[in-house]
Chemist: 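This is the structure I want to talk about, given as structure tokens.
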Amino acid sequence: QVQLVESGGALVQAGGSLRLSCAVSGIVFRIYTMGWYRQAPGKQRELVAAITTRSTTNYKDSVKGRFTISRDNAKKTAYLQMNSLKPEDTAVYYCNAQSPGNLGDYWGQGTQVTVSS
């Protein structure tokens, strides 16, 4: 019943922009912290950005000033706006929903972002 449906991944040239979306159903969206993670081939999954229920945000240092995480509670959707993309941003990007009190943790299917030189 819980679903996180991602969209927006693509092949893009360095310096370009993408907007990832994560549409959520089956949970009380407004009480979940939302996050975007990424995993490059042969590397560990890492947190890229997170946004709390009160819209406090935090970012991985290497994406600060380039990426923006946001949420729309009415639409039950989280977003990741990515500007000035670099080849090192290439990865599978995953949407995550974290429940209060660690009662549940849900993941999207992942969407491929490829940044070419």
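Computed over heavy atoms, backbone and side chain alike; hydrogens, waters and symmetry mates excluded.
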Chemist: In Å, rounded to the nearest 0.5 Å, how long is the span from OG1 of T53 to CD1 of I31?
Modeler: 8.5 Å
Chemist: Once side chain to side chain contact (heavy atoms under 4.5 Å, CB included) is applied, do any residues pair with T52, and if so which ones, sequence neighbours excluded?
Modeler: T33, R54, T56
Chemist: Is there a side-chain contact between Y59 and V48 (heavy atoms, below 4.5 Å)?
Modeler: no
Chemist: Within 45 degrees of the axis of the six-membered ring of Y79 and under 6.0 Å from its centre: does R71 put its NZ or CZ there?
Modeler: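 No, R71 and Y79 do not form such a contact.
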Chemist: Does any part of the side chain of R45, heavy atoms only, come nearer than 4.5 Å to the side chain of R38, both counted from C-beta?
Modeler: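 Counting from C-beta outward, R38 and R45 never come under 4.5 Å.
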Chemist: Would you say that more than 12 heavy atoms from the other residues, nucleotides or ligands in this model lie under 6.0 Å from the CD of Q3, or not?
Modeler: no
Chemist: With no hydrogens and no angle check, just 3.5 Å: does a side-chain donor-acceptor pair link N83 and S17?
Modeler: yes
Chemist: Measure the CD1-OG distance between I69 and S55 for me, rounded to the nearest 0.5 Å.
Modeler: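 Between I69 CD1 and S55 OG, I get 10.0 Å after rounding to 0.5 Å.
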Chemist: Roughly how far apart are L18 CG and Y93 OH, rounded to 0.5 Å?
Modeler: 9.0 Å
Chemist: Answer yes when K86 and D89 have at least one side-chain N-carboxylate O distance shorter than 4.0 Å, and no when they do not.
Modeler: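 Looking at K86 and D89, the cut-off is not met.
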Chemist: With distance as the sole test, does E6 use its side chain to make a donor-acceptor pair with the main-chain N or O of T111 at under 3.5 Å?
Modeler: yes
Chemist: To the nearest 0.5 Å, what is the distance between OG on S25 and CD on Q1?
Modeler: 8.0 Å
Chemist: Side chain of R66, backbone of S84: donor and acceptor closer than 3.5 Å?
Modeler: yes
Chemist: Got M82 and V113 here, is their nearest side-chain heavy-atom distance under 4.5 Å?
Modeler: yes
Chemist: Would a distance-only check, ignoring hydrogens and angles, find a side-chain to backbone donor-acceptor pair under 3.5 Å from D105 to S99?
Modeler: no
Chemist: Going by the rule side chain to side chain contact (heavy atoms under 4.5 Å, CB included), which residues pair with V24 if we only count those two or more places apart in sequence or in a different chain?
Modeler: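 Counting only residues at least two positions away or on another chain, V24 forms a side chain to side chain contact (heavy atoms under 4.5 Å, CB included) with L4, C22, I27, F29, M34.
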Chemist: Compute whether any side-chain donor of one residue and acceptor of the other, for T90 and E88, lie under 3.5 angstrom apart.
Modeler: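 E88 and T90 do not have a side-chain donor-acceptor pair below 3.5 Å.
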Chemist: Please find the pair of heavy atoms, one from S116 and one from L11, that lie closest to each other, and give the distance.
Modeler: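 Closest approach of S116 to L11: CB-CD1, 4.3 Å.
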Chemist: My understanding is that a hydrophobic cluster links ILVMFWY residues whose side chain heavy atoms are under 4.5 Å apart, including indirect links. Using that, what else belongs to the cluster containing V92?
Modeler: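 The other cluster members (ILVMFWY side chains, heavy atoms under 4.5 Å, direct or chained) are Y37, L47, Y94, W107.
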